[in-house]
Amino acid sequence: MALADDLLTWYDTQAIALPWRMAGHERMPERAYHVWLSEIMLQQTQVETVKPYYARFLEAYPTIDDLAAAPLGDVLKLWEGLGYYSRARNLHKAAAQVIEHFGGKIPESVSELLSLSGVGRYTAGAVASIAYGMREPALDGNVIRVYSRLFDITDEVSLPATQAKFWELAETLLPEARPGDYNQALMDLGRLICKPRAPRCESCPVQKHCLAYARGVQESRPVKVKKPVTPHYQVTAGLIWNQRGELLIAQRPLKGLLGGLWEFPGGKQETGETLTDCLRRELREELNINVDVGELFTVVKHAFTHFKITLHAFTCRYHEGSGEPEAIGVKDWAWVAPGDLERYAFGKADRQVIAHLLSRDQMLF
Ligand code: SF4
């Protein structure tokens with residue numbers, strides 16, 4: 001049997017019962033509203049999350065006229081928790097466009113559907129094929145994955161040229177009969193069987209058509225350029241107390257990362273160095289001080305744009321009588337009572353350390 005036949009045979013027995021799916025193969029164009037609504041809600045969102053929202057939304061706005069007439073604030077309130085709120089705003093706007101430009105009937109053609117706010121090529125194809133039985137492909141991430149495996153496509157998947165190739169392939173493969181069911185079958189296959197990791201090839205209804213499976217490369221498709229691994233640094237900081245119950249803070253050099261902000265002095269661990277040795281070295285290099293490094297006070301994680309850090313903050317005692325710190329690798333330094341830390345600008349990671357510090361009853365070393 002051809003690929004489409006095998007897929008549709010499987011769909012007829014395995015189709016998932018979803019509230020927005022039509023009974024049998026009957027086409028009911030008036031339900032285009034339901035298909036459209038479900039497709040918008042399903043963008044970036046799991047099926048199970050969408051179900052209750054879909055039910056509540058249809059109860060509040062059973063027709064597109066009801067939606068168009070509703071205040072936007074009410075629509076957004078109903079959408080609360082579903083995320084990506086531009087979807088709700090676009091949906092509301094598109095409902096008015098349907099009333100104004102299409103006499104209240106959601107259009108059938110992809111080109112007209114694309115004129116509606118928030119409707120992209122995938123959604124237009126899904127509504128046209130599922131609600132109206134038009135022979136239009138609907139290509140989302142799931143379907144692209146399935147096709148890239150079935151045809152063992154090795155082009156990098158995010159490139160515009162590759163995307164164009166997939167749309168061309170999808171158009172060619174669409175059967176004349178039941179294009180909407182075919183599209184839904186592909187979506188189901190991607191969601192249930194041909195999963196991103198560990199595809200269930202042993203249960204796959206189109207296994208015999210699958211080139212990637214035959215070649216044993218299914219888990220390497222689609223081909224994606226690997227994102228560079230974000231560097232992750234271990235960083236130390238000292239909560240250095242003097243006998244007056246003050247903490248030593250240092251101001252970072254004006255140029256560079258977090259330039260001019262204040263911090264608990266310390267720095268990045270070097271290869272082969274223990275965290276406490278790292279802290280002692282940094283304090284000597286930046287402030288020319290020696291301290292007693294005590295217990296680990298807290299650990300804070302923070303992500304910058306191009307790297308991440310884990311900050312290990314240690315409680316330390318200053319060697320009284322060993323002279324004042326010197327601003328060698330920092331712009332300035334100061335002894336500050338914990339209650340006055342608020343007056344200085346700190347980065348987010350140090351702010352977390354301060355929050356932890358101020359929440360403690362017993363702060364002294
Ligand atoms: Fe996906 Fe495996 Fe089926 Fe190929 S055989 S389409 S890789 S589940």
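Values in this document were obtained by computation on a predicted structure and should not be read as measured data. Atoms within a ligand are numbered from 1 in the order they appear, just like the ligands themselves.
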E156 atom CD, over 12 foreign heavy atoms within 6.0 Å = yes
With sequence neighbours excluded, what pairs up with R215 under the side-chain hydrogen bond (donor to acceptor under 3.5 Å, both in side chains) test?
-> D152
Are F346 and F264 near enough that their ring centres are under 6.0 Å apart?
-> yes
In the shown structure, where waters are left out, how many protein N, O or S atoms lie under 2.8 Å from atom 1 (Fe) of ligand 1?
-> 1
Please go through V110's hydrophobic cluster and name the other residues, only I, L, V, M, F, W, Y counting, with side-chain heavy atoms under 4.5 Å joining them.
-> L114
Flag yes if more than 12 heavy atoms outside E59 fall under 6.0 Å of its CD atom; otherwise flag no.
-> no
What pairs meet the ring-ring contact (aromatic ring centres under 6.0 Å, His included) rule with one or both residues in residues 35-68, with sequence neighbours excluded?
-> W20-Y54, F57-Y61, F57-W79
